[in-house]
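Below is one structure, written out as structure tokens; comments come after it.
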Amino acid sequence: MSCCDLKTKETAAAVSSYTDEEARLHAEEVGVDPRPNETISEIDERGAFIRQPNAFIKPFGDGPDDNHADEYRYAIYWAHGCHWSNRPVIVRDLLGLTDVIGDVATTSSGQTNVYGHGFANCEGHKEPYCGAYFLSEFYKRADPNFKGRATTPTFVDVKEKKAVNNDYHRLTNYLEVQFRKFQPVDAPDLYPVKYRKEIDEFNDWLFPTINNGHYRMAFCQSWEAYEEAYEDFFENIEKLDKRLETNRFLFGDYITDSDVRLYVTLVRWETGYYHNVGPMKKRITEYKNIWGYVKDLFSLPVFRKYTFFEFPEKTTKGIFASYRERIAAKVPYDKLWASDGSRKQLSADPENVFKKHPEGETAEDYQSVISVSKWNSPSWEDRNPMVRTLSQDASVNPIESKLRD
């Protein structure tokens, strides 16, 4: 069962009809506080945005204190416009786990989203598994002292009716590894055992430089912090463009977990983020290799399914309506984003975009302990986005085999 509505216009209509007064009454009924403001609580002394660590990071595994990978026990709570939460639903679908793990698409709560993620597109503003009005209810059930922002994606234990994990740094890895036993035999290998160190290291570099780049610009409160984030993003996007000149995907011939993370961010940059950050050095479409890469991934049904082009209701009166109001909904995305197939020539296996699991590999063989991300450290110093490591320059694919072995 899912309350996931992928028809964006209908979802937008439902959200617009959910008033602040209704949200306030729901919040009073269940005892939910207003959503904290990250531009106040997550700003350092330099005016830089330092994103809060994830609150629920207990891993999935076989240990006595771990979350256990069970069928029909969990649902992913995610939002259409949140690239962090587009990632696990893409991976879940690619891995054939849609019958094992449910999902619920959140919306804003009321007209101004004062209480954070709600469920405007569900009957009575209640999600279908547990009857909650707000995502934060699941956080309070898991930790009555929780004071931060409830974020998407969140894994909710629908039997216990509480949040169990919101660690977007590692959620897709848990799906890939701990839920391997529920995947079809021919499910793609997005996180090969042999290359997990390289993939993890790259993902932890990708987070501050690219994935979080928009927010570092959009939420910061000083010119110094803005300029630092701006230069950091565009310097590193150039490196990835160079890398993709000789690699069809980030690690070569096949799609990995890292490609999902990069793709969803690039989509938001090209279709939505630009209006929050001011003048852009270059649009995503101006990077030859990156733009071809985006279109290559967009041609795949699951990636296309979770690619959302969202547009505001037209509100401006007079002749100076914004681009988003006048033009964005009229853009022929299917035509402009169509792949010409030219990136296939970069691959030694051009008709296949996913790596197969090695013959004879069992679910037990695929298991490993998922690494801990430094970006969940409680220390602001540890989460400084300018402090990160990468063994090899991001412009170079460190896997010489390009995943072919």
Side-chain angles (χ1 to χ4, degrees), residues 38-54 81-84 86-87 151 168-170 198-245 247 250-251 257-291 293-294 373-377 379-398:
E38 57 265 65
T39 60
I40 297 174
S41 59
E42 297 168 53
I43 302 297
D44 73 4
E45 67 279 358
R46 296 171 53 250
F49 172 63
I50 308 294
R51 183 178 290 276
Q52 69 175 22
N54 293 308
C82 171
H83 71 127
W84 311 110
N86 297 157
R87 294 169 1 179
T151 59
Y168 51 80
H169 297 295
R170 296 297 182 258
E198 289 84 356
I199 292 173
D200 286 350
E201 185 181 77
F202 179 83
N203 287 348
D204 280 345
W205 171 89
L206 191 69
F207 165 71
T209 55
I210 307 299
N211 295 148
N212 203 35
H214 160 258
Y215 302 97
R216 289 171 59 198
M217 293 180 228
F219 293 158
C220 69
Q221 303 296 309
S222 72
W223 170 249
E224 176 190 13
Y226 178 87
E227 187 175 36
E228 178 181 85
Y230 184 92
E231 295 300 331
D232 196 30
F233 176 84
F234 285 105
E235 175 185 335
N236 286 298
I237 206 74
E238 291 281 358
K239 292 182 178 182
L240 296 184
D241 192 57
K242 181 178 179 181
R243 180 174 180 148
L244 291 167
E245 184 175 5
N247 294 273
L250 287 168
F251 284 96
D257 180 89
S258 300
D259 293 292
V260 177
R261 297 178 189 227
L262 177 59
Y263 172 81
V264 293
T265 297
L266 295 176
V267 167
R268 305 314 304 172
W269 266 100
E270 181 58 27
T271 64
Y273 287 167
Y274 60 86
H275 64 86
N276 294 125
V277 301
M280 288 179 63
K281 190 171 289 188
K282 291 168 87 171
R283 286 179 56 186
I284 297 303
T285 55
E286 295 179 77
Y287 296 96
K288 177 184 176 182
N289 304 309
I290 284 178
W291 181 227
Y293 165 84
V294 168
S373 173
K374 67 165 267 182
W375 303 113
N376 285 324
S377 169
S379 166
W380 277 42
E381 290 75 16
D382 289 346
R383 302 200 312 279
N384 182 339
M386 297 304 293
V387 179
R388 67 279 177 129
T389 58
L390 197 59
S391 299
Q392 196 160 352
D393 190 86
S395 63
V396 178
N397 175 6

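Note that the coordinates shown come from a computational prediction; the quantities given were computed from them, not determined experimentally. We number each residue from 1, following the sequence as shown.
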Output the distance between atom [atom1] ([X]) and atom [atom2] ([Y]), rounded to the nearest 0.5 Å.
| X | Y | atom1 | atom2 | answer |
| --- | --- | --- | --- | --- |
| S391 | W205 | OG | CH2 | 13.0 Å |
| T209 | I237 | OG1 | CD1 | 8.0 Å |
| N376 | Q52 | CG | CD | 10.0 Å |

If we ignore angles and hydrogens, is there a donor and acceptor under 3.5 Å between the side chains of E224 and S222?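 Short answer, no.
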Could I get the full list of side chain to side chain contact (heavy atoms under 4.5 Å, CB included) partners for D44, not counting sequence neighbours?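 Counting only residues at least two positions away or on another chain, D44 forms a side chain to side chain contact (heavy atoms under 4.5 Å, CB included) with R46, A48, I50, W380.
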For the residue pair [X] and [Y], establish whether any side-chain heavy-atom pair is separated by less than 4.5 Å.
| X | Y | answer |
| --- | --- | --- |
| Y293 | L262 | yes |
| N212 | W84 | yes |
| H214 | R268 | no |
| F251 | P398 | yes |
| W375 | N54 | no |

F233 and R216: side chain to side chain contact (heavy atoms under 4.5 Å, CB included), yes or no, with the steps? CA-CA 9 Å; F233 176 84; R216 289 171 59 198; over 6 Å; no
Side chain of [X], backbone of [Y]: donor and acceptor closer than 3.5 Å?
| X | Y | answer |
| --- | --- | --- |
| H83 | N211 | yes |
| D259 | L250 | yes |
| R243 | A394 | yes |

Is the charged tip of R87 near the ring of Y263: under 6.0 Å from the six-membered ring centre and within 45° of its axis?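 Cation-pi check for R87 and Y263: fails.
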Y215 ring centre to R51 NZ or CZ under 6.0 Å, with the angle to the axis within 45°?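 The answer is yes; both the distance and angle limits are met.
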Search all heavy atoms of [X] against all heavy atoms of [Y] and return the closest pair with its distance.
| X | Y | result |
| --- | --- | --- |
| P279 | Y226 | O-OH, 4.2 Å |
| F219 | I43 | O-CD1, 3.4 Å |
| W269 | G213 | CZ2-C, 4.2 Å |
| L206 | S258 | CD2-O, 4.2 Å |
| S377 | P53 | O-CB, 3.7 Å |
| D232 | P208 | OD2-O, 4.3 Å |

By salt bridge (charged side-chain N to carboxylate O under 4.0 Å, His left out) - contacts of [X] (at least two apart):
| X | value |
| --- | --- |
| D257 | R261 |
| E198 | none |
| K282 | E238 |
| R383 | none |

Neighbour count above 12 (heavy atom, 6.0 Å) for K242 NZ: no
Taking the six-membered ring for Trp and the single ring otherwise, decide whether the centroids of W223 and Y230 are under 6.0 Å apart.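 No.
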Hey, can you pull the donor-acceptor pairs under 3.5 Å for the side chains in residues 284-291, sequence neighbours left out?
residue, atom, partner, partner atom, Å
E286, OE2, R283, N, 2.8
N289, ND2, D241, O, 3.0

Output yes when K374 and D204 qualify as a salt bridge under the 4.0 Å nitrogen-oxygen rule, no when they do not.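 Looking at D204 together with K374, the answer is no, because their closest N to O distance does not fall below 4.0 Å.
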